[in-house]
Every structure is written in C-alpha cells, then in structure tokens.
Amino acid sequence: SALLCITEGMAFHLNPGLISIGRIEGSGITRQPSCGGVRVGGRLAASPRLLTGIKAAAGGGTQVAKGKRKGGTKVKKAAGGFGGGFGSKAAAAAGVYDICELYKQVLANNEAKLDEKEYRNEKATLSLMEGTHVGLVTKEDIKAGELIMASKAFEIAFEGDYGSSLETVNGEVVTPDEIELANKVIAKCKQLGPDSPEARAVACMFAGNDYTHPSDAYRLRTLSGDAAAAAPEEDDEGVPELTREHVIGIIKCNAFSPAASFGFAADARSPMLPSQDRHLGLWVLPAMLNHACVGNCQRFFVGDFMFIRASQDIASGEELCHSYVDPFASLSARQAHTASFGFACRCPLCEQDQTFEQGGEGSEEVAARMQDYSEGGLGELVKRAASGGDSGERAEAIASLTSCIETIEESLGDSVRWKRMLLRPYQSLGALHEMAGDHAHAADARSKAYLSCSEPQGGVGAANVQWAIETMVSCSRAGMAKEAAEWREVAREGWRTSVGDTKLFNLFYRKVIAHYVP
C-alpha cells in the first residue's frame, strides 16, 4: 500500500514529526526515511549501529516566524513564563501523561475531547525575538524526548460537525472545516467576553498580512499573562475586533489538522493507529512556535490535545521550532507552502537547497536525474515494475534506479548536508527489492534512506519509526536476526522520543507487522 511515492495521488505516510490519535479510523503516523548498510561476512546488513555517534545537527541557523522574516534567533525580551495568562493549570503529574490510556479512552468513548490538565515546561519561555516576533526559547537545556507542552485546543471542528459548502473570503477559498472552526471560535470568544485573557490571546494571533495586528510586545504581555497587557502602549493598535473575516485569517495561519499530510493522501490500507481523519483545531500556545523545515520539536495529537516534545537535545537559549510544511518536499514546494503564511523560509535546509540549486557543482545533474525519476522514463519504469511487471522489467527498474541514485550521491558529494531528495528513490528501490525477494538489498536501501534523513534531525524521531520497523522486517526476512532486533530497538527509541509512551508502541508495532507479515 505504500511502496512508492513518486506521483501525485500515490499515498504514503503523513507529515514527519506528527502522529494523531482520534475517534475515527484513519491515518496518523509519518512519512519515513530509508537506508545505509554495511557488509557483514560478505552479506549486506542494514545495521543501525551506523547511527552511533550521530549528533543533533538541527536547531542552529536562521528560522522563520509566521508572517515575519526572521533575521536571527537572538532574544530581545523574555517573559517570566509562558501561557500562564489563559487557562494555565497545574501540570498533570509534572508533565507525565499515560498516552496509552488516553488513547484507549478516546477509542472507548468515541470522543476526541479529553478532560486532562494542560502542561507547560518551565524550561521554555515566550520571548520577543530579534526581528520583533514572539517565539518560544529555552531557559535551560532540554533533552530529546522531553515534553515541552501539552495543550488543549481552544476550539476544534470535527468531521460530521460541518457540511460541504465552500465560501470565498477576501478572494480566498474557505473550506467547510475552516468555516465551522471559525464559527466555534467566534461563539466561544463572545461567551468569554472580549476582555478575557483567552479571547485576547486569540485576537493577538497572526491573521495574515492584510490585517492590522497588535505589536509583538503587546502580544508577548498578553500571552504571558501580564496584567499590564490590558492597557496597550501608546503606539499600539490594541486588540482588533474579531470579525468573521479576521478569525478566518487567524485559522488559515494558525490552525492545525492532525491528519494534515502536506499534499500526500492518507492511505486507509496503511498500518497506522486509529486517528481522527478530518478535524481542524486552534491551539494557541503551539501556534507560537515558529517554523524551521528542520525543527527541533515535533508534535502529536491525542483527541483534542496536542503534545510537543523535543526531537533532539536543545541547549539553553535556543528557539523552539517545528515545521509547518513537509520537510521532505522539494525546495519549491516548501517555499510555496510557507509563502501562503506570508514569509519566505530561510532555515538552514532552505539555504542549503537554494545555494545548491543556484549553481552548486552537480546541481544540473541532480535536477535532471530527479526529473527522470519523478516524471520521466525512469519513473514510468519504476511504476510499471511496482504494479506487477515481470521479473525482467523489475530487474531493469532496479538497475536503472540504482544507477540514478549513485549518480545523485556522487553529484551531491560531501558538501550537501541534507540529502532528502534521495528519500523517495531509496524507498522505491527498497520496495522493488522486496518484490523481487531480495530482502538483504531491501534492508540496505531502506536503512540508507533512514540514515540519510535521520542524521540532520538529530537522530531517531517520529518520522522514522515506521520505516525503522519496515527495515527490521526486511532484515528478518533476510535472516539477519541480530540486525532485525537492533532496528526494533531503534524504532522503540524513536517512538519514546516522539510520544513518550512505549506501551502504545507495542500496539503500533503489531499493526505494522500484521501489515507486512500477514
């Protein structure tokens, strides 16, 4: 069901760093990297021991804020805490949640709204960054897997709550879920009253470049629960009136959908945990995290709660960022997506890709090979071979794809740190080897894609869990029991870092195994 991902409409997994669990069977785990093997006793062995010594590499460099161009991550002013001004509650067991039990509760009650307390890690604070935007910055070191926040949706619109009608607002199409969420947000703000901290916090959210916003200093005071925030500064417009058009702008710039796949359709046949397939929510504090295509945080959802964890070790003073887009997409696709939020991303990945595409040695060769794989004769050959072609056609596809990958690798050389364009070619190669019964080479291909995409993310994370399991399956089929056991532990550690609950991993693991080993 997820062998190839080289054409539009060919489903794979959901966005890296995002897992969703809700009340309807659907999709909810991420798209994965794949493979880099070593030889053991003359036999290919995709060993996760290659991960040893890999250090966290993301987090440095320039990030981007919604609606703002960010010139750096230097803190200009930090608040005493973050989020204390609206609905702040004592941490649920100091930030410890039984995710497996919450998951069971959602399924048993067929209800995605959870009666849980929110949590905000005191090691992070809302700050006014250089470049005048609000962001989250660490006050102390944070370890990979540490919970940064558990946030309940301000409002959420579930599939079934809305119809199918579209609207046009300010020349932009508004979808039914956005319409329903806007109506709910407006109703709740009216119920709370315009002077309530919660309503003021929503009104302070970025709504697009066509709208007037309070100053970021005012937003910082409001979101931090500063009592003085009720009195705007002389040069401040104050909190804008929440018109329907303004709220729709806020939703378009800030809402999250646990099932968002950034252009990739969810495949109901893939072995994912049950999730709310179509719901859209507004989470205020999580929306304050700024963007980086290679972030240092990852989010996942259980019901109407969003959990954000560190995907790598984060030093004190660093800005917390997660990706608004599919980080495995091409530069042009990522730029088009961030442009819809009103900014141009200048994160390290985008700077690298831009530099390489604008004249890096080998860039034309890489572009030509990727074009052939994506839309040319090679892509057509791979699709035919994967769709039941004979053994001769499959062998031709494997040989051609291997040559393509080798040429790209050679052209990229050591100067290109992130080689994410190789993700899908390696995934396709691994799938073709599996179809041919060559499980050792399948494991090698899958592990190479895994490693090529894991290293810049600071090690194993949610984006890698399922592919680690699939690499394990290939190792097991190839008779490499030791490597298979190691890859299972890699997957378990990735799950722990992403979700913090290995009990739920066992269920997910069984679903993947049942899918690949009937």
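Being a predicted model, the structure only gives us computed values, none of them experimental. Hydrogens, waters and symmetry mates play no part in the numbers below; they use all other heavy atoms, side chains included.
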Begin from the C-alpha positions of Ile99 and Lys503 and carry the test side chain to side chain contact (heavy atoms under 4.5 Å, CB included) through to its verdict. CA-CA 8 Å; Ile99 303 298; Lys503 291 187 294 183; over 6 Å; no

Nearest 0.5 angstrom please: [X] [atom1] to [Y] [atom2], how far?
| X | Y | atom1 | atom2 | answer |
| --- | --- | --- | --- | --- |
| Arg334 | Ser323 | CZ | OG | 8.5 Å |
| Arg488 | Ser476 | CZ | OG | 11.5 Å |
| Lys419 | Tyr426 | NZ | OH | 8.5 Å |
| Cys475 | Met480 | SG | CE | 4.0 Å |
| Thr175 | Leu166 | OG1 | CG | 7.5 Å |
| Cys293 | Gln335 | SG | CD | 8.5 Å |

Kindly write out the residues that satisfy side chain to side chain donor-acceptor pair (under 3.5 Å) with Ser474, not counting sequence neighbours, or none if the list is empty.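 With sequence neighbours excluded, Ser474 shows a side chain to side chain donor-acceptor pair (under 3.5 Å) to Glu434, Arg446, given in chain and number order.
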
Considering non-hydrogen atoms only, spot the tightest contact between [X] and [Y] and give its length.
| X | Y | value |
| --- | --- | --- |
| Asp313 | Ala144 | OD1-N, 2.8 Å |
| Leu378 | Ser400 | CD1-CB, 3.7 Å |
| Ala385 | Ala397 | CB-CB, 3.7 Å |
| Ile398 | Ala436 | CD1-CB, 4.3 Å |
| Cys297 | His322 | O-CB, 3.6 Å |
| Met472 | Ala484 | CG-O, 2.9 Å |

May I have the step-by-step check of side chain to side chain contact (heavy atoms under 4.5 Å, CB included) for Val382 and Leu432, ending in yes or no? CA-CA 8 Å; Val382 170; Leu432 290 172; 4.2 Å; yes

[X] side chain vs [Y] backbone, donor-acceptor pair below 3.5 Å:
| X | Y | result |
| --- | --- | --- |
| Arg477 | His439 | no |
| Asn296 | Leu320 | no |
| Tyr373 | Arg424 | yes |
| Asp177 | Ser257 | no |
| Asn254 | Ile250 | yes |
| Arg309 | Arg496 | no |

Kindly determine whether Ile405 and Leu422 satisfy side chain to side chain contact (heavy atoms under 4.5 Å, CB included), including the steps that lead there. CA-CA 7 Å; Ile405 291 172; Leu422 287 170; 4.1 Å; yes

Within the 4.5 Å heavy-atom criterion, are [X] and [Y] side-chain neighbours or not?
| X | Y | result |
| --- | --- | --- |
| Leu429 | His441 | no |
| Arg346 | Cys350 | no |
| Leu289 | Cys321 | no |
| Val473 | Trp487 | no |
| Phe300 | Val499 | yes |
| Ser428 | Leu401 | yes |
| Ile308 | Leu285 | no |
| Leu136 | Met149 | yes |

Does Lys143 come within less than 4.0 Å of Glu146, counting only side-chain N to carboxylate O?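 Answer for the salt bridge query: no.
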
So does Lys252 pair up with Glu178, basic N to acidic O under 4.0 Å?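 Salt bridge flag = yes for Glu178 with Lys252.
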
Side-chain donor-acceptor contact under 3.5 Å, Ser498 with Gln298: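 Per modelled atom types, Ser498 and Gln298 side chains form a pair under 3.5 Å.
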
Do you see a donor-acceptor pair shorter than 3.5 Å between the side chains of Thr407 and Glu410?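 Checked: Thr407/Glu410 side chains show no N/O donor-acceptor pair below 3.5 Å.
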
Mind running side-chain hydrogen bond (donor to acceptor under 3.5 Å, both in side chains) on Glu406 and Ser403 for me, showing each step along the way? CA-CA 5 Å; Glu406 288 175 350; Ser403 175; 5.3 Å; no

Crowded around Glu489 CD? As in, over 12 foreign heavy atoms under 6.0 Å?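 Atom CD in Glu489 is crowded, with more than 12 foreign heavy atoms closer than 6.0 Å.
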
What do you reckon, is CD of Glu364 surrounded by more than 12 foreign heavy atoms closer than 6.0 Å?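 Count not over threshold, so no.
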
Once you measure the plane-to-plane angle for Tyr324 and Phe343, does it fall in the parallel (<30°), tilted (30-60°) or perpendicular (>60°) bin?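 It falls in the perpendicular class, over 60°.
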
Verify side chain to side chain contact (heavy atoms under 4.5 Å, CB included) between Ser363 and Glu357, making sure each step is shown before the conclusion. CA-CA 6 Å; Ser363 59; Glu357 290 186 9; 5.6 Å; no

Passing option when Arg384 is tested against Arg394, Glu393, Glu396 for side chain to side chain contact (heavy atoms under 4.5 Å, CB included):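 Going through Arg394, Glu393, Glu396 one by one, the side chain to side chain contact (heavy atoms under 4.5 Å, CB included) with Arg384 is satisfied by Glu393 alone.
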
Option passing ring-ring contact (aromatic ring centres under 6.0 Å, His included) with Trp283 (candidates Phe305, Phe301, Phe307):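 That would be Phe301; it is the only one of Phe305, Phe301, Phe307 passing the ring-ring contact (aromatic ring centres under 6.0 Å, His included) with Trp283.
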
